[in-house]
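Contents: one structure, followed by commentary.
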Amino acid sequence: MSVPCLRWAVGRSLNLPGAGTGSGTGLLWLLGSRTTTRRDMSSRRKMDHLERTASNYRQNGLYPAHVCGIIKESETVKRLRISVHPDFLFKAGQWVDFFIPGMEKVGGFSMCSGPGLLQREGVIELAVKYSKHPPAHWIHTVCTVGSRVDMRVGGDFFFDPSPSDPSVDLLLVAGGVGINPLYSILLHTADVLRLNRASGSRNYNIGSAHLCYSAKNIQELLFKHSIIEICREFPDKFSCDFHVTNQDSEVDPHFQPFVKSGRIKEEELQARVDPQRTLCYLCGPPPMIEAMSKSLKDFGLPKDRIIFEKWW
């Protein structure tokens with residue numbers, strides 16, 4: 001179900017990289033700022049989104065938006081296409097404060113689209129898993145094409161390379177719906193490589209990117225078709241391993257080369273770690289993120305090269 005999403009698409013810049021919030025903040029800034037890229041890993045009581053992210057960057061103003069498409073991404077996840085204001089900008093990996101008219105609770109959802117889609121079509125996408133939390137419940141039970149919302153961008157978890165940045169190898173590790181910001185980063189990296197290819201030069205120093213993505217079963221692996229397409233478009237740059245922990249049916253041959261049974265193993269991560277080149281982004285349930293962050297540090301990866309986001 002969809003309606004035209006181009007209402008505010010006029011006048012966007014086509015300068016894809018660096019199109020996020022803030023000015024002049026590329027990868028070197030991100031790597032050098034430990035206080036904004038890492039979170040307290042101690043166990044905490046359950047807090048709502050605004051309280052939990054109070055110390056994170058966020059825009060001051062709200063932007064009006066409307067839902068222009070709804071896609072059933074899986075049995076438990078809906079993907080919204082949202083037409084946004086021309087001044088709405090974000091960096092790959094960031095999230096939005098999601099304000100629903102008449103609702104006190106504010107949602108916090110990572111973009112699952114890249115900045116390139118915003119610049120081309122004036123839309124962003126959010127993939128939201130069903131839950132009883134009021135904003136997510138509204139998306140699954142009340143939201144329709146045409147529904148109005150307000151949003152603002154926030155978050156210190158992003159990948160925003162500049163031409164002057166040194167080359168890095170990305171290691172992206174996702175658990176469940178934690179794939180959302182990492183998929184945004186993957187899409188953005190692919191767009192940057194396409195810009196390099198179109199210009200016939202290496203304007204951006206993109207190394208390799210490997211995705212480790214764990215979910216309950218094949219059906220709950222979001223964006224799997226697109227991820228495989230990107231890996232096949234750039235076989236020398238992108239690779240991925242899908243991990244399924246409770247698959248009770250035969251895996252489609254199309255997915256078999258990419259699927260492993262069981263959780264992501266330490267040795268798989270260790271094989272991808274080069275302390276001088278690897279930049280790792282983690283997003284998923286807190287226990288998974290805590291365990292993997294510790295393992296990565298044990299493998300010699302510096303703390304400022306482990307960027308993580310926990311979602312409750």
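Residue numbers start at 1 and run along the sequence shown.
Heavy atoms of other residues, nucleotides or ligands lying less than 6.0 angstrom from CG of Asp236 number more than 12. Counting non-hydrogen atoms of other residues, nucleotides and ligands closer than 6.0 Å to CD of Glu233 gives a total above 12. The 12-atom threshold is exceeded at NZ of Lys237, counting heavy atoms of other residues, nucleotides or ligands nearer than 6.0 Å. No more than 12 heavy atoms of other residues, nucleotides or ligands sit less than 6.0 Å from atom CD of Glu250. Atom NZ of Lys224 sits in a crowded spot, with more than 12 heavy atoms from other residues, nucleotides or ligands closer than 6.0 Å.
Closest heavy-atom contact between Cys280 and Leu296: SG-CD1, 3.5 Å. Of all heavy-atom pairs between Leu182 and Leu172, the closest is O-CD1, 3.9 Å. Across all non-hydrogen atoms, the minimal contact from Asn180 to Ala127 is ND2-O, 2.8 Å. Closest of all the heavy-atom pairs between Asn60 and Arg152 is O-NH1, 4.3 Å. Here the closest non-hydrogen pair linking Gly93 and Glu309 is O-OE1, 4.2 Å. In plain terms, the two heavy atoms of Cys112 and Leu187 that are nearest each other are O-CD1, 3.7 Å.
Here Glu220 pairs with nothing under the salt bridge (charged side-chain N to carboxylate O under 4.0 Å, His left out) rule; sequence neighbours left out.
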Problem set entry | Derivation of the salt bridge (charged side-chain N to carboxylate O under 4.0 Å, His left out) call for Lys216 and Glu75 | CA-CA 12 Å; Lys216 181 179 178 181; Glu75 290 300 318; over 6 Å; no

For this session: Take His210 and Ser239 through the side chain to side chain contact (heavy atoms under 4.5 Å, CB included) test and state the conclusion after the steps.
Result: CA-CA 5 Å; His210 180 73; Ser239 57; 2.7 Å; yes

For this session: Output, in order, the C-alpha distance, side-chain angles, deciding distance and verdict of side-chain hydrogen bond (donor to acceptor under 3.5 Å, both in side chains) for Thr278 and Arg305.
Result: CA-CA 7 Å; Thr278 303; Arg305 300 184 78 89; over 6 Å; no

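Below 30°, between 30° and 60°, or above 60°: for Tyr281 and Phe159 the angle between ring planes is above 60°, a perpendicular geometry. A tilted orientation is assigned to the rings of Phe242 and Phe258, their planes being inclined by 30° to 60°. Note on ring orientation: taking the six-membered ring where Trp is involved, the planes of His137 and Tyr130 are tilted (angle from 30° to 60°).
The main-chain N or O of Asn205 is never found under 3.5 Å from a side-chain atom of Asp165 such that the two would form a donor-acceptor pair. Of the possible polar contacts, one joining the Gln94 side chain to the Gly155 backbone as a donor-acceptor pair under 3.5 Å is found. In this structure a side-chain-to-backbone donor-acceptor pair under 3.5 Å is missing from Arg272 to Cys212. Ser293 places no side-chain N or O within donor-acceptor distance of the main-chain N or O of Glu290, the cut-off being under 3.5 Å.
Across Asp150, Ile82, Val128, a single residue satisfies side-chain contact (heavy atoms from CB on, under 4.5 Å) together with Phe98, and that is Ile82.
Taking the ring centroids of His243 and Tyr213, they lie at or beyond the 6.0 Å cut-off.
Under the salt bridge (Lys or Arg N to Asp or Glu O under 4.0 Å) criterion, the residue pairs touching residues 251-270 are Asp241-Lys260, with sequence neighbours excluded.
Residue Leu50 shares its hydrophobic cluster (ILVMFWY side chains chained together at separations under 4.5 Å) with Leu62, Phe99, Val106.
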